[in-house]
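All figures in this text were calculated on a predicted structure; none of them were measured in a lab. The figures here come from the full heavy-atom set of this structure, side chains too, leaving out hydrogens, waters and symmetry mates.
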Amino acid sequence: MQTIFATPEQGKEPTQQKSDMKILVCISKTPDTTAKIAFTDNNTKFSGDGVQWIINPYDEWYSLVRAIELKEADPSVTIHLITVGGADCEPIIRKALALGGDEAFRIQCEENDSYVVAMQIASFAKSGQYDLIFTGKETIDYNGSSIGAMVSAALDLPFVSHATKFQLNGNNALVTREIEGGEEICSAALPLIVSCQKGMAEQRIPNMKGIMGARTKPLKTIEAESHQAQTSISNFDLPPAKAGVKLISPEQPEELIRLLQEEAKAI
Amino acid sequence: MNILVYIELNEGKLKKAAFEAACYGGDLAKQTGSTANAIVFGETNEDLSTLGAYGISNVYHVINSATYSFDARAFSKMIAEVVQKQSSDILIFSNTITGKSIAPQLSVMLKAGLVTGAIELPKTSNGFTVKKSVFSGKAFSEINILTEKKIIALQPNSYNVSKGEGSAQVQSMETSSPEVKVKVESVQKVSGEVSLTEADIVVSGGRGLKGPENWGLVTELAQLLGAATACSRPVADVHWRPHHEHVGQTGIAIAPNLYIAIGISGAIQHLAGVNRSKTIVVINKDPEAPFFKAADYGIVGDAFEVVPKMIEAVKKIKQQA
Ligand SMILES: Cc1cc2nc3c(=O)[nH]c(=O)nc-3n(C[C@H](O)[C@H](O)[C@H](O)COP(=O)(O)OP(=O)(O)OC[C@H]3O[C@@H](n4cnc5c(N)ncnc54)[C@H](O)[C@@H]3O)c2cc1C
């Protein structure tokens with residue numbers, strides 16, 4: 001096994017791109033990772049009280065930044081951002097525009113069911129003729145991991161999930177993806193849908209110019225298509241609290257091992 | 001009703017997650033008075049009839065040119081054909097990388113409501129409700145599936161495997177061989193490693209270990225325990241360890257039987273990915289480290305002194321065994 005893991009420097013490599021490429025980046029709003037998880041309405045709704053909202057980290061750090069890198073390598077690239085949700089998503093999409101992207105779209109729709117959200121994105125993407133659609137590998141709230149694959153089925157476009165690297169060679173993409181216990185490099189012709197995770201790009205912080213510029217970038221609201229939800233949330237529940245830690249003296253790690261074997265029956 | 005379980009192979013071998021999915025499907029069949037069948041893609045040396053001991057009645061084995069490498073779109077199309085042929089109502093997948101890239105496709109293709117990351121059998125007495133973990137393990141949610149056809153992707157390490165009696169009927173099945181549009185060019189496997197999401201025991205290291213040169217402590221303890229190795233996010237960020245070992249809210253969520261955290265502070269984002277572990281052990285020199293609040297057992301001490309002694313103690317019990 002290797003012990004040194006080299007930094008992927010894909011962002012700096014010259015990529016041979018097809019010109020005038022159109023990329024659609026899916027952006028989702030999630031509670032901040034330190035947000036207190038609490039529920040209201042008889043435990044049927046997440047309580048947004050005092051919660052800071054952020055761009056879903058996978059969407060921001062990996063898929064959006066990788067799209068921006070592709071545009072930096074070739075300014076003829078157009079990046080569109082799409083979010084499905086209410087008006088409360090707008091600060092999030094402005095924040096995304098501050099990092100990069102040319103134009104944003106919000107589909108006015110309650111984002112309760114992955115299927116309905118994916119159908120909205122699919123129908124938008126179809127009319128936009130995108131060469132590439134990027135999503136994050138999952139959202140950190142509902143952990144659904146489904147949107148990219150659903151859009152792929154709806155549009156009958158090839159899909160590569162859990163991508164850790166992405167490179168273009170003309171009309172062909174070379175994508176490294178995580179597999180059980182390793183990595184796989186695959187190739188596919190555009191148009192293509194990719195779900196992105198760690199490795200794709202390095203997190204960026206928007207600069208002043210980006211933040212100012214984002215204010216005037218176009219953000220269009222679009223009416224949702226009507227689709228029947230396939231699921232509904234019945235309730236939420238918090239895990240039971242831990243009983244408390246049993247501390248063992250640092251002089252006696254063998255006692256810890258004994259407890260793990262005899263009491264916890266874990267080894 | 002008719003349940004179809006997608007059985008995942010890893011390099012031609014049945015994975016632990018596959019047995020979990022088989023048992024889950026078999027138990028759901030018992031609960032609903034139906035049968036559970038399985039579908040397997042690609043060549044294998046395994047005796048697939050053994051799936052019968054885990055609750056499976058028939059195994060449909062598909063081998064064609066599209067099953068040799070993984071293209072999510074092609075696999076989904078073939079599964080949809082089998083579902084049509086067998087009139088399956090409920091599909092079970094493992095919520096692995098593979099499952100996550102095909103189950104949602106079938107949800108669209110079959111108009112079947114989907115729950116990914118299920119951790120229990122559904123409640124079927126009044127509707128059809130599946131429990132899953134949300135907010136990366138910080139909470140649970142019960143989801144109603146409203147459609148006639150249903151799809152569940154079972155979270156690895158969440159369902160007990162129990163082996164009974166019986167043998168499944170194995171039959172090869174023909175499907176069309178859809179065009180493979182995502183071509184696998186090369187595969188790099190880190191062999192001999194225990195898969196992180198399936199591991200019973202995980203030994204994990206944080207920034208407290210000071211540098212990659214000290215990881216021998218983690219890997220040696222892991223090897224002795226037959227454990228997988230993991231790490232905190234900053235450790236992967238500075239490339240002390242590979243990205244795929246990063247656990248937490250923005251990494252992999254795991255639920256092993258035993259999680260041993262060495263030199264990890266226990267930030268909320270880290271806990272999110274590991275707090276479904278059955279037993280948590282924390283080794284940290286700071287008694288105020290937040291991880292102790294989430295732990296079952298702890299040692300307040302210097303990892304460089306404590307872990308070598310733990311390794312000796314494990315060696316001793318392994319010798320006695
Ligand atoms: C949006 C967001 C998402 C994040 N997602 C994740 C995630 O998915 N996973 C994740 O892990 N983090 C995540 N983080 C980072 C997280 O907040 C913490 O910074 C991180 O988990 C800390 O890693 P650590 O415990 O290894 O390092 P530190 O916080 O530096 O802790 C090191 C610990 O080692 C102990 N120590 C030092 N020396 C010794 C010694 N000799 N012996 C024993 N103990 C010692 C110290 O007491 C300390 O508790 C995220 C952060 C943000 C903002």
Under 3.5 Å, sequence neighbours excluded: what are the donor-acceptor pairs made by side chains of residues 302-318 of chain B?
unit_1	atom_1	unit_2	atom_2	d
Asp302(B)	OD1	Phe304(B)	N	2.8
Lys315(B)	NZ	Glu220(B)	OE2	3.3

Donor on one side chain, acceptor on other, Asn144(B) and Thr129(B), under 3.5 Å = yes
Chain B contact via Leu256(A) - which portion, at a heavy-atom distance below 4.5 Å | side chain
Are there residues of residues 169-178 of chain A that reach to under 4.5 Å of chain B by heavy atoms, and which ones?
-> Leu174(A), Arg177(A), Glu178(A)
Answer yes or no: is there a donor N or O on one side and an acceptor on the other, between the side chain of Ser152(A) and the main chain of Leu157(A), under 3.5 Å?
-> yes
Spatial distance of atom CD (Glu8(B)) from atom OG1 (Thr96(B)) [nearest 0.5 Å] | 3.5 Å
Pick one of side chain, backbone, both or neither for Asp296(B), based on which atoms fall under 4.5 Å of a heavy atom in chain A.
-> both
Heavy-atom distance under 4.5 Å to chain B: side chain of Leu260(A), backbone, both or neither?
-> side chain
Atom pairs and distances, donor-acceptor, side-chain atoms in residues 180-187 of chain B, under 3.5 Å, two or more places apart:
unit_1	atom_1	unit_2	atom_2	d
Lys183(B)	NZ	Val180(B)	O	3.4
Glu185(B)	OE2	Ser187(A)	OG	2.5

What's the verdict on side-chain contact (heavy atoms from CB on, under 4.5 Å) for Asp49(A) and Thr40(A), showing C-alpha distance, side-chain angles and the deciding distance?
-> CA-CA 10 Å; Asp49(A) 263 5; Thr40(A) 60; 5.9 Å; no
Side chain from CB out, backbone as N, CA, C, O: work out which of these in Thr98(B) comes under 4.5 Å of a heavy atom of chain A, or both, or neither.
-> neither
Close side-chain approach of Phe46(A) to Ile233(A), heavy-atom, < 4.5 Å | no
Under 4.5 Å to a heavy atom of chain B? For Phe236(A) that would be both
Considering heavy atoms only, which positions within residues 114-121 of chain A lie below 4.5 Å of chain B?
-> Tyr115(A), Met119(A)
Asp41(A), CG: over 12 other non-hydrogen atoms inside 6.0 angstrom = yes
Out of curiosity, Ile55(A) CD1 to Thr139(A) OG1, how far, rounded to the nearest 0.5 Å?
-> 14.0 Å
Would you check if there is a donor-acceptor pair between the side chains of Gln249(B) and Thr33(A) at a distance under 3.5 Å?
-> no
